[in-house]
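Have a look at the structure below before the remarks.
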2 protein chains.
Amino acid sequence: MSDEFCSCDIVHENVIEMVRKKMPQEEKLYDLAELFKVFGDTTRVKIISALFEAEMCVCDIAELLHMTPSSISHQLRVLRQARLVKHRKEGKVVFYSLDDEHIKTIFNQSLEHILEPRGFEYAIS
Amino acid sequence: MSDEFCSCDIVHENVIEMVRKKMPQEEKLYDLAELFKVFGDTTRVKIISALFEAEMCVCDIAELLHMTPSSISHQLRVLRQARLVKHRKEGKVVFYSLDDEHIKTIFNQSLEHILEPRGFEYAIS
DNA sequence: TGCTCATATGAACAATTACTCATATATTAA
DNA sequence: TTAATATATGAGTAATTGTTCATATGAGCA
């Protein structure tokens, strides 16, 4: 190959070509990582978990998580931009709720991975 | 309440208490965010996508993604620690493959979210 | 109009992190 | 053993990001 990024001799070109053809577009994989970045923060995971149970206003969430309304508002902005939550205004109060059916599946599957029993290397003899 | 984090008057205490009782343990939500952090990087998403198609060695992945074997190795370490990939040694070559059935579901659901049509506010009039 | 409350947002700072580079380990072959 | 190859890893650096603080917006009420 002309532009080598790997100096190894044993490169399985046929496998690489097959995989390259089958893989999703670069742009979609980028968007996928961006979505996971949104999920990859404890505060946002907590907010989403809370909204699974009920619609809540900014102050409710702040009180629930023992955080400032400002930081919650910042995080809700990120969740809004990722189209994961929707909001409803009632006077001064803004109520947030989840805006995606996929999130629950994603979270459940991920929880299953976390709760999975470890391999034998961790087992008690 | 004694320890107020939110100075708002309109706090829905009953909702907060209900949600607090129903939410998963703090530790599990932390682990969940940690898992999503692992998914939240373009390089790692690409590696996982590649491994969906075939088992590959470090140099194969490096070549496929046009990156150095060193950086790939660093990322594979992260994926190993999250128990998402397993490895198999064959002489000097180390082959990596996926080690979790949940990943595919998580990725598919997430792709569906990304590919979802946008709301009317983006529609062409 | 003014005042207060609920939320949003910009700037700044601290912490995290992905890559590069140099080096270490491990396997094979001479 | 010595050399070469495939992979792993530690340190350093640049870029990203979550929170705090100050301030802005905007709705309801006196």
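As a basis for the values below, the full set of heavy atoms in this structure was taken, side chains included, without hydrogen atoms, waters or symmetry mates.
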Which pairs with one or both residues in residues 80-109 of chain A pass disulfide (SG to SG under 2.5 Å), sequence neighbours excluded?
->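 Counting only pairs at least two positions apart or across chains, no disulfide (SG to SG under 2.5 Å) contact touches residues 80-109 of chain A.
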Near DNA chain D, under 4.0 Å by heavy atom, which residues of residues 47-55 of chain B?
->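 Residues of residues 47-55 of chain B that come under 4.0 Å of DNA chain D do not exist, since none gets that close.
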In residues 84-98 of chain A, which residues come under 4.0 Å of DNA chain D by heavy atom?
->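 Correct list: A:Gly91, A:Lys92.
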Take the protein atom [atom1] of [X] and the nucleotide atom [atom2] of [N], then report the distance between them rounded to whole Å.
| X | N | atom1 | atom2 | answer |
| --- | --- | --- | --- | --- |
| A:Asp60 | C:dT7 | CG | C1' | 13 Å |
| A:Lys46 | D:dG18 | NZ | P | 14 Å |
| A:Ile61 | C:dA6 | CD1 | P | 15 Å |

So, is A:Ser73 close to the C:dT7 phosphate, meaning a side-chain N or O under 4.0 Å from OP1 or OP2?
->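 No.
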Give the nucleotide from the list C:dT9, D:dG10, C:dT7 with an atom nearest to the side chain of B:Arg77.
->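 In terms of side-chain proximity for B:Arg77, the closest of C:dT9, D:dG10, C:dT7 is D:dG10.
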Among all residues two or more places apart in sequence or in another chain, which pass the side chain to side chain contact (heavy atoms under 4.5 Å, CB included) test with B:Lys22?
->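 If we apply the side chain to side chain contact (heavy atoms under 4.5 Å, CB included) test to B:Lys22, skipping adjacent residues, the hits are A:Glu53, B:Met18.
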Results of side chain to side chain contact (heavy atoms under 4.5 Å, CB included) for B:Lys92 - residues two or more places apart only =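 Per chain and number, B:Lys92 pairs via side chain to side chain contact (heavy atoms under 4.5 Å, CB included) with no residue.
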Could you list all the salt bridge (charged side-chain N to carboxylate O under 4.0 Å, His left out) pairs where at least one residue sits in residues 27-37 of chain B, not counting sequence neighbours?
->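 Every pair satisfying salt bridge (charged side-chain N to carboxylate O under 4.0 Å, His left out) with a residue in residues 27-37 of chain B: B:Glu34-B:Lys37.
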Protein and nucleotides 14-19 of chain C: nitrogen or oxygen contacts under 3.5 angstrom:
{"from": "C:dA18", "atom 1": "OP1", "to": "B:Arg44", "atom 2": "NH2", "distance (Å)": "3.2"}
{"from": "C:dA18", "atom 1": "OP2", "to": "B:Arg44", "atom 2": "NH1", "distance (Å)": "3.1"}
{"from": "C:dC19", "atom 1": "OP1", "to": "B:Thr43", "atom 2": "OG1", "distance (Å)": "2.6"}
{"from": "C:dC19", "atom 1": "OP2", "to": "B:Gln75", "atom 2": "NE2", "distance (Å)": "2.5"}

Applying disulfide (SG to SG under 2.5 Å), name anything that partners A:Cys57, two or more places apart in sequence or on another chain.
->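 Expected list: none.
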Name the orientation class of the two ring planes belonging to B:Phe39 and A:Phe36 (parallel below 30°, tilted from 30 to 60°, perpendicular beyond 60°).
->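 B:Phe39 vs A:Phe36 ring planes: tilted.
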Could I get the full list of side-chain hydrogen bond (donor to acceptor under 3.5 Å, both in side chains) partners for B:Asp100, not counting sequence neighbours?
->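 side-chain hydrogen bond (donor to acceptor under 3.5 Å, both in side chains) check on B:Asp100 returns A:His113, B:His102.
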side-chain hydrogen bond (donor to acceptor under 3.5 Å, both in side chains) partners of A:Gln25, counting only residues at least two apart =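 Here no residue qualifies.
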Which other residues belong to the hydrophobic cluster containing B:Tyr30, where Ile, Leu, Val, Met, Phe, Trp and Tyr are joined when side-chain heavy atoms lie under 4.5 Å apart, directly or via other members?
->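 B:Tyr30 shares its hydrophobic cluster with no other residue.
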Identify, with sequence neighbours excluded, every residue that meets salt bridge (charged side-chain N to carboxylate O under 4.0 Å, His left out) alongside B:Arg80.
->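 Scan of B:Arg80 (salt bridge (charged side-chain N to carboxylate O under 4.0 Å, His left out), adjacent residues dropped) gives none.
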Trace of the side chain to side chain contact (heavy atoms under 4.5 Å, CB included) decision for A:Met23 with B:Leu64 | CA-CA 11 Å; A:Met23 272 178 74; B:Leu64 174 72; 3.8 Å; yes
So what does B:Ile72 touch, heavy atoms closer than 4.0 Å: a base, only the sugar-phosphate, or nothing?
->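 Touches nothing.
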